[in-house]
Every structure is written in C-alpha cells, then in structure tokens.
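Here the structure comes first, spelled out in structure tokens, and everything after it is commentary.
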Amino acid sequence: MLSQPICQQARLSRDRRYDGLFFIAVTSTGIYCRPVCPVQPPKEQNVRYYATAHEAALAGYRPCLRCHPDSAPGSSLWIGADVTLKRAIRLIDEGALHDSNVAALASRLGISERYLRKLFQEKLGIAAKQYALYRQVLFAKQLLHQTALPITDIAFMAGFGSLRRFHDEFKQQLRLTPSQVRGNRTRHMSTILQLELPYRPPLNWPLMLAFYQARTLEGMEWVEGETYGRTIYWPLHQPQYHGWFEITPDPTLPVMQLKLDWPDANSLQAVVHHIRQVLDLDADSQTIDQHLAAAGGFPVHVGLRLPGLWSPFEAAVRAVLGQQVSIAGARTQLNRLVQGIAATTLPDGRRRFVTPSELANSALDMIKVPQARRATLNALGAAVQQQPHDAPTAWLSIKGIGPWTVSYALMRGQGEPDVWLGGDLGIQKALKAVAIDPSAFAPWRSYATFQLWHLPKTDKEPA
DNA sequence: ACGACAGACTT
DNA sequence: AAGTACATGAAG
C-alpha cells in the first residue's frame, strides 16, 4: 500500500499514473473514488485510503457513480499470489463457483477444500465465494451501464441462480439497487453486445496488431484498421458454442471497445473474461517495462502485452505446424488445415478453429507436412479430447512435442507471464546480441521473449 | 477431522 | 385490465 502523503498528492493532482493503484473512501459521504475522479476533492480528514476497490466496498463504502472505481482493471488482487491461487482466481473469474461449490473447485485444482479456503483468507483476506460474488456483481454492473438488457436477464448472465439473491447481493455490495445504477440511460442493444474493457496504460496496440496480422487465418481472424477480430468457442477444449468478437482501442480513453456476438447467456461472463485474458489487458505494463528496462540490454517496447490465442490447444497446434518453417509457411498449412475440415464453416460464413476431436480423427492429408507431424497432431488432438483439463505440460509425452512447443502453448495459450523460449532460434540470436542472463527478466520472461522477437527484424519467428 | 450453527440460497 | 419489470419480505 502506498503511503498517505503520496496518495494525497496523487488524488489532489488527479495523477493518471496512480489510477487503480489505490482508492479514496470518503467518510462523510460513504462513497469511494478513483484518484482521477472529476469531483471536488474531499477534505483530507474525511478521506481513508484503500489498496483495492474491494477493500473499500467491504468497509461499507459504495462506488462513486462518476468515476466508477470498480471498473479499473482487477489485476491488483493478483500481485504476490502464488500459482495455485492464480489458477483458482482465473477459474472463479470464468464462473467456476456460479453453480458448483468451493469443494468442487478445490478438487479441480487438486488441493483440499481446507487449503483453498486458507489460501484465499491468507493471501487475499477474503473468502473464495466472496471473491466470486464480487466479480459477479461487478459484471452485472458493467452490463447495466453498457447494455440495455433487462435486469432480470443480467442477473442470470452474471451467474446468479435467482433474482432474489441477485438483488440482495447487489445491494449489499453497492448500496444501490440495479435500477438505480442503470438510471435513465437506454443504450442500443442487439444480439451483438458492445462493451468497454478498461485497462491500465500503457498498451502498445500497434505492435500487438502487427503480430496478429502476420498470423491471421482466413475467415477465422481479421485485422482492419485498428481492429482485431476472430471467431471464438466455449468451453475451450470441448466447444459447444461459437461466436466472434472484434476489439478496437478507444481513441481517447484507456479502454478497448469490444463488439461481441455470443449465443449463450450463461457463459457470457466467462467469455468476456477470457477475452481480457487473451489480450492480456490485466497486465501491469508499467511495472513489467520498468523491470525489463532495469535488466537492460535492449530498448524496451513500451506497453507490449502478450498477444494470446484463444486456447492452449490452439496455440499448441500452431506451434507444431510452425516448427522449422517461416511464419508464412506455417500460416499456409494452418489455413489448409482449417479449410480442409468442412465443419469449421459457421452459419455466417466465418470459420472456426478445428476442435481436438476433429484433429484426432482427420487423416490430415490437406496439409503438406512430414508424416510424423500428422501423427503428432493426431496424438495431440486425442490427448486433449480425452483429458481436456490437463495442463500443456502433460503433452510433453507426445512424440513431436518438446519443451519449445509446450512453452509456446503456455505463453500464447494461457498467457503465462514467466516462460522463457530459450530454445527459439530468434531468441538465441537476439540474446547473443544483447548478452544478458535471461534469469534477470524473471518473473516476466514471456514479455522479454516478445520484446526480443520484436527487436531487430529476424526472419525466423515462430508462427 | 467433526459437528453446530449462521447465513447463503431458492421459492 | 392485463402484462411486464423491478424490489423486497417471509419462509424453508
């Protein structure tokens, strides 16, 4: 937590750099704000500072209606959390506690329920279920602000099992009823949802866009102007639903404009959260860039995030087809793969990525690769089909899948921040040029990897 | 690890 | 007058 004088100075000058790092609760009004809030600054004697929005809410304050202090990215809770806890948080954000309980989540994580409870209480100071409810309420609030959906629908989309329960929890956390939050506002609404995804600057969108553009697959991904779009599926490894999204940076605010076509209300929160994570919007670029710059050796691209793929499976398939060939070569084979399976054409003419079972059962004669590569892909498809919840490291036992491929899947498929692609040709070359021990980049070695890929123009980047 | 109880959740 | 949308008390 920042010290009181720093917070005071930051709020009085409405310093953007401190946005999201702390929150201002005002005892006289019972409301809490962001440091950038446009209102008349309250007297210091009436002010209490909190590190997170949730702590302020717990202390009985309700979020300000002008600066929306709860809409700042939720990454602060993640800082200092260990791997299991992060996985738990991720699963909860994807709705793991909506209709099953903490016990089920614990067994999914391979730990005891007791230990999971302890983990949350000790590291976050809040119970797992409480955290889940907090995210559910915030998601509902976002939909109230940014869509015209009926409040009843929103309740269920946010994962509440009954209207009654939704109203109760909403009021307890925000001290406002859902309709009070919505106000008069009636915005456009169709089957296509438009939402704003806030992030903490800086964000180097041009660089990410270029990375995506060089790798787009026909009908499945597209880049137009500043917009990146792609088709998506859920759940990740046994797709039941298909849709697409487009994402564009807002010209003035630190917000990405999301256009989302998604058919299933129940998984909406999971999908929106997954989009955030694929685009790495929760990364704290300021800290990461500082760290990489301190490690030294090369000029840092400011605000570079990890441009993710939709699933670890998809990342692994791309990695396997990218072994030993250029980006363009890999892209050709991937296009053939997707187009060679007729079922990938969606009703609207777009294309979706192949599923694990399709990959497992196809003869794969549409792609021109060594036979061994086909066998690897078949085996990968079968493995994911049978054990959809296995981590990518489990795929190491498949012939043709080595550490490089798994690392790539972790980095691009699940946004792992600290993966080092030491075996990569481009990386080895770049590293020789800068002469640094890669351990200096920890715990942000994935970002260092992307920085180095973008460094000088190398001809052998992976697909 | 266990049981009682509070309060989370549904109708 | 009937129907829809939202909020909330009561009970299990």
Side-chain angles (χ1 to χ4, degrees), chain A residues 30-31 52-65 68 70-71 74 77 84-85 88-195 262 264-270 273:
Chain A
I31 296 174
T52 64
H54 186 254
E55 283 175 76
L58 275 186
Y61 299 91
R62 60 143 252 242
C64 170
L65 294 178
H68 301 296
D70 40 8
S71 79
L77 277 179
T84 316
L85 184 61
I89 291 174
R90 168 106 154 254
L91 286 169
I92 291 174
D93 285 337
E94 289 177 356
L97 292 183
H98 286 185
D99 31 35
S100 67
N101 54 23
V102 181
L105 175 62
S107 75
R108 226 173 126 180
L109 290 164
I111 61 178
S112 72
E113 185 183 350
R114 177 88 184 90
Y115 182 55
L116 182 60
R117 296 208 128 94
K118 240 177 137 173
L119 220 47
F120 267 84
Q121 209 49 255
E122 273 175 20
K123 309 269 170 137
L124 297 188
I126 159 182
K129 184 61 186 177
Q130 272 306 114
Y131 175 76
L133 287 167
Y134 172 67
R135 300 303 300 236
Q136 285 174 256
V137 166
L138 286 196
F139 185 68
K141 181 165 181 274
Q142 184 183 18
L143 293 180
L144 286 169
H145 280 304
Q146 297 173 10
T147 74
L149 295 167
I151 294 179
T152 306
D153 294 2
I154 291 177
F156 292 100
M157 283 184 188
F160 288 92
S162 70
L163 252 187
R164 190 64 185 83
R165 184 70 192 104
F166 167 64
H167 275 119
D168 257 359
E169 191 61 33
F170 197 92
K171 233 175 122 181
Q172 199 208 309
Q173 288 197 37
L174 303 184
R175 276 141 236 279
L176 294 166
T177 65
S179 59
Q180 278 175 308
V181 164
R182 171 161 276 166
N184 308 326
R185 196 177 23 250
T186 30
R187 277 214 213 166
H188 43 252
M189 171 57 202
S190 59
T191 56
I192 299 175
L193 217 50
Q194 309 222 28
L195 291 175
W262 190 247
D264 174 52
N266 287 326
S267 53
L268 185 63
Q269 188 182 357
H273 178 266

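Convention: sequence-line order gives letters A, B, ...; per-chain numbering from 1. Values reported hereafter were calculated over all heavy atoms of this structure, with side chains retained and with hydrogens, waters and symmetry mates removed.
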Query - Euclidean distance, atom CD of residue A:Q180 to atom P of C:dA7 [Å, nearest integer] - result: 8 Å
Query - Shortest non-hydrogen separation from A:P178 to A:I151 and the atoms involved - result: CB-CG2, 3.8 Å
Report summary line: To the nearest 0.5 Å, atom CG of A:L85 lies from atom CD1 of A:I111 at 8.5 Å
Report task. Could you state the atom-to-atom distance from CD of A:E169 to P of B:dT10 in whole Å? Result -> 11 Å
Requested in this report: Grab the CZ-P distance between A:F166 and C:dA7 for me, whole Å please.
Outcome: 8 Å
Query raised in the report: So, A:S267 side chain and A:A270 main chain: donor-acceptor pair closer than 3.5 Å or not?
Result: no
Requested in this report: Measure up the A:Y131 and A:F120 rings against each other and bin them: parallel (under 30°), tilted (30 to 60°), perpendicular (over 60°).
Outcome: tilted
Tabulate atom names and distances for all N/O pairs under 3.5 angstrom spanning the protein and nucleotides 1-3 of chain B.
none

Query raised in the report: Would you find a donor on one side and an acceptor on the other, under 3.5 Å apart, between the side chain of A:R182 and the backbone of A:T147?
Result: yes
Query raised in the report: Taking the side chain from A:R175 and the backbone from A:G60, do they hold a donor-acceptor pair closer than 3.5 Å?
Result: yes
Query - Donor-acceptor under 3.5 Å (A:Q136 side chain, A:A158 main chain) - result: yes
Report summary line: The complete set of salt bridge (Lys or Arg N to Asp or Glu O under 4.0 Å) pairs with one or both residues in residues 105-117 of chain A, sequence neighbours excluded, reads A:E113-A:R117
Query raised in the report: Atom CG of A:L163 and atom C1' of B:dA8: how far apart are they, to the nearest Å?
Result: 16 Å
Query raised in the report: Within less than 4.0 Å of OP1 or OP2 of C:dT8, is there a side-chain N or O belonging to A:K171?
Result: yes
Requested in this report: Please state whether the phosphate of C:dA7, meaning OP1 or OP2, lies under 4.0 angstrom from any side-chain nitrogen or oxygen of A:S179.
Outcome: yes
**Report entry** Atom pair distance, as rounded to whole Å: CZ in A:F170 and P in C:dA7
**Finding:** 9 Å
Query raised in the report: Just to confirm, is there a sub-4.0 Å distance from OP1 or OP2 of C:dC6 to any side-chain nitrogen or oxygen of A:T177?
Result: no
Requested in this report: Could you tell me the separation between the CG atom of A:L176 and the P atom of C:dC6, rounded to a whole number of Å?
Outcome: 16 Å
Query raised in the report: Closest approach of A:L109 and A:A88, non-hydrogen atoms and distance?
Result: CD1-CB, 3.6 Å
Query raised in the report: So, A:S100 side chain and A:L97 main chain: donor-acceptor pair closer than 3.5 Å or not?
Result: no
Report summary line: A:Q172 atom CD is separated from B:dA8 atom C1', nearest whole Å, by 10 Å
Report task. Would you mind listing every salt bridge (Lys or Arg N to Asp or Glu O under 4.0 Å) that reaches into residues 153-163 of chain A, with sequence neighbours excluded? Result -> none
Report task. Check salt bridge (Lys or Arg N to Asp or Glu O under 4.0 Å) between A:E94 and all other residues, then give those that pass, not counting sequence neighbours. Result -> A:R90
Under 3.5 Å, which N/O atoms of the protein pair with N/O atoms of nucleotides 9-12 of chain C?
unit_1, atom_1, unit_2, atom_2, d
C:dG9, N7, A:R164, NE, 3.0
C:dG9, N7, A:R164, NH2, 2.7
C:dG9, O6, A:R164, NE, 2.9

Query raised in the report: According to a 3.5 Å limit on both distances, what stems of 3 or more consecutive Watson-Crick or G-U pairs are formed with DNA chain C?
Result: B:9-11 with C:10-12
Query raised in the report: Has A:H167 got a side-chain N or O lying under 4.0 Å from the OP1 or OP2 atom of C:dA7?
Result: yes
Requested in this report: Whole angstrom is fine here: how far is it from CZ in A:F160 over to C1' in B:dA8?
Outcome: 12 Å
